[in-house]
Structures are given as C-alpha cells and as structure tokens.
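As the structure lists them, so they are numbered: ligands from 1, and atoms in each ligand from 1. Only this structure's heavy atoms are used, side chains among them; waters, hydrogens and symmetry mates stay out.
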Amino acid sequence: MIRSLIDLLRNLQSEEDCRLFLENIRWHGVPVCPHCGSKSEEHYKLTNGGIFRGLYKCKDCRERFTVTVGTMFEGSHIPLQKWFIA
Ligand SMILES: [Zn+2]
C-alpha cells in the first residue's frame with residue numbers, strides 16, 4: 001500500500017502528470033463540465049501559447065473549467081503532489 005503510493009508519486013513528477021491522474025480518477029478520462037454536468041469527450045480543449053494545460057470549454061454551456069474546479073485545488077497554488085501525500 002505505502003509502496004504503491006510511493007511508486008505513484010514517483011510517476012507524478014509534474015503538474016501535468018498530476019492533472020492527468022486527477023482527470024482519470026475524477027472523470028475516468030472523460031471531462032465532465034462542473035457547470036452543467038455535461039459529460040463528453042468533445043468538450044473543447046483550450047490552449048495557452050499552443051500548450052494545453054487542462055483548461056476545457058464546455059461544448060454545451062460554453063463555460064470554462066478544469067479538473068480542479070470545485071476541489072481544494074481551485075485557486076490555490078499548492079502543488080498537486082502535496083494533496084496526494086496528505
Ligand atoms: Zn457545461
């Protein structure tokens with residue numbers, strides 16, 4: 001158990017990895033809009049300077065969201081890794 005957690009953290013070296021991991025456990029890989037509840041693989045992925053950083057735009061209500069909306073991560077600058085350790 002502890003060992004697998006250490007292995008997990010070893011695989012979550014970047015914010016990007018943590019985000020993908022969170023998306024998997026929260027959405028099972030399919031983005032869910034927290035504003036209207038729409039679940040779709042076709043939500044738009046918004047890029048910043050050509051780089052996708054987890055910001056989606058709902059194809060139904062057109063609100064923007066990330067996997068951390070509505071969680072303790074929202075608006076915080078605490079690295080995601082610390083959350084997994086806690
Ligand atoms: Zn929506």
- Task: Measure the spacing between NZ of Lys59 and SG of Cys36 and express it to the nearest 0.5 Å.
- Result: 9.0 Å
- Message: Please report the interatomic distance CZ(Phe52) to CG(Leu46), rounded to the nearest 0.5 Å.
- Response: 7.5 Å
- Query: Any donor-acceptor pair under 3.5 Å linking the side chain of Arg26 with the backbone of Val67?
  - Reply: yes
- Item | Value rounded to 0.5 Å, distance of CZ in Phe65 from OG in Ser38 | 7.5 Å
- For the Zn ion (ligand 1), which protein N/O/S atoms are closer than 2.8 Å? Cys33 SG, Cys36 SG, Cys58 SG, Cys61 SG
- Message: Is it the case that the side chain of His43 and the backbone of Val32 share a donor-acceptor pair, with hydrogens and angles ignored and the cut-off at 3.5 Å?
- Response: no
- Sequence neighbours excluded, which residues qualify as salt bridge (charged side-chain N to carboxylate O under 4.0 Å, His left out) partners of Glu16? Arg19
